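Below is one structure, written out as structure tokens; comments come after it.
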Amino acid sequence: MIIEAIRDKKGEHITTIDLRNISDAVVDFFVVCDANSGTQVKAISESIEEKTRTELNERPWHIEGIEHREWILLDYINVVVHVFQKEIRNFYRLEDLWSDGIIEEHKD
């Protein structure tokens, strides 16, 4: 559902990281994508919120980054979604930080 919501707003380079095999991980999955602008970052995060609320009756427990629109994090407890502007994603490189997880790229 989250990946579908990202695709609805043309999010790019969608990746999931399965962290269930890492004993120190505080979540089961990361979903990561990037966007071309702050406006698109916000639109993607809003699409995710709307789709998970209407289709799954789920709301994020916590949201960060809305004011700056460079990196919005949506925390659904077991799944954390990271919506980045491209240059910010390249700087933080979450896939490298969590390379012990099972990384899957979802082609457009």
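One-based numbering along the sequence shown. Note that the structure is a prediction, hence the values are computed from the model and not measured.
Under the 4.5 Å side-chain criterion, counting only non-hydrogen atoms from C-beta, L19 is in contact with W98. Side chains of V79 and L74 form no contact here, defined as non-hydrogen atoms less than 4.5 Å apart. Taking 4.5 Å as the limit, some side-chain heavy atom of E12 sits within range of a side-chain heavy atom of N36.
Counting only distance, with no hydrogens or angles, the side chain of T54 and the backbone of E50 share a donor-acceptor pair below 3.5 Å. Put simply, the side chain of Q40 gets close to the backbone of K9: a donor and an acceptor are under 3.5 Å apart. Although no hydrogens or angles enter the test, the distance criterion places a donor-acceptor pair under 3.5 Å between the side chain of S47 and the main chain of A5. Remark: side-chain polar atoms of E64 are not paired, donor with acceptor, to backbone N or O of I72 under 3.5 angstrom.
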May I have the step-by-step check of ring-ring contact (aromatic ring centres under 6.0 Å, His included) for W61 and Y76, ending in yes or no?
CA-CA 6 Å; W61 174 74; Y76 287 92; over 10 Å; no

Determine whether T16 and H106 satisfy the following criterion, side chain to side chain donor-acceptor pair (under 3.5 Å), listing intermediate values before the conclusion.
CA-CA 8 Å; T16 53; H106 300 268; 3.0 Å; yes

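With respect to R89 and E95, a salt bridge is recorded, a charged nitrogen being found less than 4.0 Å from a carboxylate O. Electrostatic pairing of E58 and R53 does not count as a salt bridge here, judged by no charged N lying under 4.0 Å from a carboxylate O.
Summarising the geometry of I6 relative to C33, their closest heavy-atom pair is CG2-SG, 3.7 Å, with the distance given to 0.1 Å. Heavy-atom minimum distance, G11 versus I44: CA-CD1, 3.6 Å. The two residues D100 and N21 have their closest heavy-atom pair at O-ND2, 3.6 Å.
Within a 6.0 Å sphere centred on NZ of K86, other residues, nucleotides and ligands contribute more than 12 heavy atoms. Counting heavy-atom neighbours within 6.0 Å of N90 CG, excluding the residue itself, gives a total above 12. Residue-environment remark: NZ (K51) exceeds the threshold of 12 foreign heavy atoms within 6.0 Å.
Looking at L73, V26, V31 one by one, the single match for side chain to side chain contact (heavy atoms under 4.5 Å, CB included) with V80 turns out to be L73. Screening I2, I102, D18, V81 for a side chain to side chain contact (heavy atoms under 4.5 Å, CB included) involving F29 leaves a single residue, D18.
Under the 4.5 Å side-chain heavy-atom criterion for grouping Ile, Leu, Val, Met, Phe, Trp and Tyr, I66 is not connected to W71 through any hydrophobic cluster. By the rule that hydrophobic residues join a cluster once side-chain heavy atoms approach within less than 4.5 Å of another member, I22 and V32 end up as members of one cluster. F30 and I14 are assigned to two separate hydrophobic clusters, defined by single-linkage of ILVMFWY side chains at heavy-atom distances under 4.5 Å. I17 and F84 end up in the same hydrophobic cluster when Ile, Leu, Val, Met, Phe, Trp and Tyr side chains are linked at under 4.5 Å. Linking ILVMFWY side-chain heavy atoms closer than 4.5 Å, directly or via other members, places V83 and I3 in a single hydrophobic cluster.
Interatomic distance, Y92 OH to L97 CG, rounded to the nearest 0.5 Å: 10.5 Å. With rounding to the nearest 0.5 Å, the separation of NE2 in H82 from OG1 in T15 is 11.5 Å. The CD atom of E70 lies 5.5 Å from the CD atom of Q85; values are rounded to the nearest 0.5 Å. The CD atom of E49 sits 3.5 Å away from the CD1 atom of I63 when rounded to the nearest 0.5 Å.
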